*Asks:* 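Take this structure, written in structure tokens, and hold onto it; I'll ask about it next.
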Amino acid sequence: MNTNGPDAGLRLWRDERGRLVYRAAPEAETSENVRVARCFPWTRRDEYVSIRDKDEKELCLLRSLDGLAAETRRLIEEELNADEFAPRITAVERVETMFDLMTWKVRTASGPVELQVRQAEDVRQLDSGRVLIRDHAGGTFQIENVAELDARSRSLVEEHLG
Amino acid sequence: MKARQTEMAPEPGSVLPAEVELLLAGHLGPDAAPEMFALADVHPSGRFGQAWAAVGGRRLAIADFNAAEGPRVSVTPLDKDVELEIVAGAGSSRFRVIRQGRLAEELRFSCRQGKRFSRLLHSAQRLSRGERAVAAGEAAAPAEEALCRKCGRLIPEWADTCPRCLHRRRILWRLMGYALRRKRLLYVGFGSAMAAAALDLLPPKLTQLLINNVLMPSDHRRTEWLWPLIGAMAAIIGVRVCLQHLRLNRLAQLGEYITHDLRTQAFAHLQKMSLAYFSKKPTGHLISRITQDTERLWDFVAFGIVEVVLSAVMVVGIAAILFAAEPALALLTMLPIPLSVAVTYFHVRAMRAMLRRLWAKWSGMTGVIGDVIPGVRVVKAFTQEEREIARFDGKSAAVLDDSVRVHREWTMYWPKLSLLLNLGTFAIWAYAAPRVLNRRFELGTFVMFLGYVWMFYGPVEHLGMMNRMFQRAVTSAHRVFALLDAPPTVYTKPAAARGRRVAGGIRFENVSFSYDGVKRVLQDIDLVVEPGRVIGLAGPSGGGKTTMINLVCRFYDPVEGRITIDGIDLRDWDLHDLRSQIGVVLQEPYLFQGTVAENIGYGRPGATMDQIIEAARAANAHDFIVGFPDGYDTTVGERGQTVSGGERQRLSIARAVLNNPRILILDEATSSVDSKTEMKIQEAIDRLVRGRTTIAIAHRLSTLRRADRLVILDKGKLVEQGSHDELMAADGMYAGLHKTQAQLHALFAV
Ligand SMILES: Nc1ncnc2c1ncn2[C@@H]1O[C@H](COP(=O)(O)OP(=O)(O)OP(=O)(O)O)[C@@H](O)[C@H]1O
Ligand SMILES: [Mg+2]
């Protein structure tokens, strides 16, 4: 297993099925249907990326994506982004509460959306100040910095922090 | 109180829009309608997007609206050249269509469409095998799309009950229904509250009479009123005291009865709920619904409603008296009232947000204590005391900051309120005093006005808090009613026959199961267990063994396929008949707080001591129980004597066999015990399985040697079954596991 990070010989590509294929070095064996995962999806997004085979065995842990072949790096980033979806909220338009159930009408970097939030506890502020809203289906929506929102959105968020 | 009747749009993805259906029409086949569909709601770029996938008539059609140049439709025949897969990610997943080994389509969707895509995938896979889109035993509509029994509309999946039918006003009426069950208490309490309020209005009026008509020298002076007036004052004070007591006492009692009714109903209903309900809800929430929420309702019914009604009556009453006496001054006096109510309203709102934040900080701080004290050994071992102190200091400082802000808010509010009400007093002075001097205003009326102005304090406060109080009560009531109204998912059908005996033949027919509707934990399981046979269930951790027995006990119903006992679908059995004839030893045996005898007899309340001892003997537990100083009377469970893991196992085996069940289920009955204890348990088990259908789960394969047949589960699939010899000969997973264990054994035996 390679944990030494950047390795120009390391290659990742897609096969015809669209699945990822991994090869540690030009002469090495290839592994099919591998997956990539971030070890610190919230705190160190671009470091520590794990390449895993289909049985969840780690093939390689990349400390950083620097130094990888350009195409491989692009592919890894593409895959990582495809697995993630936690839209950034840019404005809160309306929060309707019906008992515990809240409907948040928000604008996000991915487009406008309405969230059904099951209970007050699903709107949390982390120690870092980031606010996470979990909707009923388990999707996560985030506000990186409440202070950067407009005044109205900010007061709506603060009023509903669980 | 805002009574908003929100019309909710259906969940995106829950209905196939007409234009999509039109677009797909014809693509699925001459007259095939979409049998199952799903919305891919994420654009490949990471924005929200729209692409629909639907199956029907052995085809999969995709209508993609993401491209700028307009919708695109593609059709894939579901035959053996097609592979479909879902690549699950964090937050977004991908649905892939691979045709003849090449990626043909890839759709991206968010968590909220996960269940639908999971269903779509399985139904497409069934179609490609030439089966029907909807499996036998699978509900036509997914469970999350339950229709409201009252209004017939879709209940959103995130709510237990239809929120539209639990409307605010209706909730209050329903709560009143509980109050009306104790009419006497209600009427006496409410009546005396009203009477007391009316009496409250009298003293300033009497003062006015006393000064104007008795004390002040004038032509129509009536000195003979002096003593009657003093007597009336005494009577008012006396009667008020009695009324006050009646009101507090009766309404407090009424509140207690209501909470008691709600609490017991909620607990009783909770017992009927299926396991799935409990695993979705954290225990803390359920406990707080039964205790805190009902407690809050007590407060509301006993004091809140009455305060609000009385406050309104008081304000109106005082206003009437004042206007009758001196309209101009009355207007001046009342001017600050609406302003005061508004100030109070905003104060309560600000306080709520602040208190919430303070509460969060507070629990962060207590969290540190709760974290560190149990972990104190780790803290000391790694000498991290300083760091924990710093952590606590930080959290405590945050609490301090927020507390200071809270104090700033309320210490501003009270002076503001008293300033406003003092403005009223000031107005009376400034307006009336000069006029009294000029004899254009009566002294008694002046004093009466001053007497009334102070009576506004209480009502103003209550009216300002009214909105918040109603909100809180309605929210609590909603939580409690939502619990009361949630239907159990696993229940006995009304038509089920009662009192049937179990013979013991178990059959899994093409059973698939998922806890969350997305990940299949069991997949197409077929298994036949003849009555009286012993089946050993083994395989890697997380393979679905415990899940299988959860289904046999009908803690959950399968998502697809069916399970029968003696040829009858589990869903057609009476739940009580079924479970009372199945003895279960769970993987994590649980002992209730109580004596050993009570714990063994738990499933059969009328059991005699002889039966309990017999069961304990059968489980090889008798000897160690008698070894306890208190024997069968030893208290175990929380706060009682702690019993060891092996003892716990044997007590729960005794509990399971006390009912003489026809089917015995043992989940890891010999895990985490030493070899000698294991032998004792094994001995007991060997004795107990005779004549009973048994499913035994074990990681240590040696304990399964008595099994008639071994079944190996891996990743939710039944991968092998047969006798020990057959499986060894097949040289598959079982043989592999067996060899590893034999090696380990040899290693430690040396
Ligand atoms: N209540 C639940 N809700 C959601 N997922 C669950 C639940 N219980 C179990 N699972 C998941 O279902 C899968 C199968 O679990 P199961 O308990 O049946 O495994 P098992 O074969 O009994 O494992 P072990 O040998 O470790 O006891 C696991 O992936 C587990 O995480
Ligand atoms: Mg298990």
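In what follows, chains carry the letters A, B, and so on, assigned in the order in which the sequence lines appear, proteins first and then strands, with residues in each chain numbered from 1. Not measured: the values here are computed from a predicted model.
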*Asks:* Which atoms of B:R94 come close to chain A, meaning under 4.5 Å heavy atom to heavy atom: side chain ones, backbone ones, both, or neither?
*Replies:* side chain
*Asks:* Would you say CZ of B:R349 has more than 12 non-hydrogen atoms from neighbouring residues, nucleotides or ligands within 6.0 angstrom?
*Replies:* no
*Asks:* Which distance, rounded to the nearest 0.5 Å, do you find between the CZ of B:R108 and the CG of A:N81?
*Replies:* 7.5 Å
*Asks:* With a 4.5 angstrom heavy-atom cut-off, which part of A:D135 approaches chain B: side chain, backbone, both or neither?
*Replies:* side chain
*Asks:* What's the separation between atom CE in B:M354 and atom CD in A:E158, rounded to the nearest 0.5 Å?
*Replies:* 10.0 Å
*Asks:* Let me know if A:N33 has heavy atoms under 4.5 Å from chain B in its side chain, its backbone, both or neither.
*Replies:* neither
*Asks:* Checking heavy atoms, do the side chain of B:K361, its backbone, both or neither come under 4.5 Å from chain A?
*Replies:* neither
*Asks:* Write down the atom of B:G46, the atom of A:F85, and the distance for their closest heavy-atom approach.
*Replies:* O-CE1, 3.4 Å
*Asks:* I want to check something: taking the side chain as every heavy atom from C-beta on, are B:K715 and A:D55 in contact at a cut-off of under 4.5 Å?
*Replies:* yes
*Asks:* Hey, does A:R19 have a side-chain heavy atom less than 4.5 Å from the side chain of B:E85?
*Replies:* yes
*Asks:* From B:Q100 CD over to A:R17 CZ, what is the distance, rounded to the nearest 0.5 angstrom?
*Replies:* 11.0 Å
*Asks:* For atom CZ of A:R88, decide whether the heavy atoms of other residues, nucleotides or ligands shown that lie under 6.0 angstrom number more than 12.
*Replies:* no
*Asks:* Under 4.5 Å heavy-atom distance to chain B, tell me which part of A:A109 shows up: side chain, backbone, both or neither.
*Replies:* backbone
*Asks:* Any side-chain heavy-atom pair from A:T108 and B:R47 closer than 4.5 angstrom?
*Replies:* no
*Asks:* What residue, out of A:R14, A:E78, A:E84, A:R35, has the most heavy-atom pairs lying under 4.5 Å from chain B?
*Replies:* A:E84
*Asks:* Listed by chain and number, what are the ring pair (Phe, Tyr, Trp, His ring centres under 6.0 Å) partners of B:F117, not counting sequence neighbours?
*Replies:* B:F95, B:F109
*Asks:* Answer with side chain, backbone, both or neither: which region of A:A82 has an atom nearer than 4.5 Å to a non-hydrogen atom of chain B?
*Replies:* both
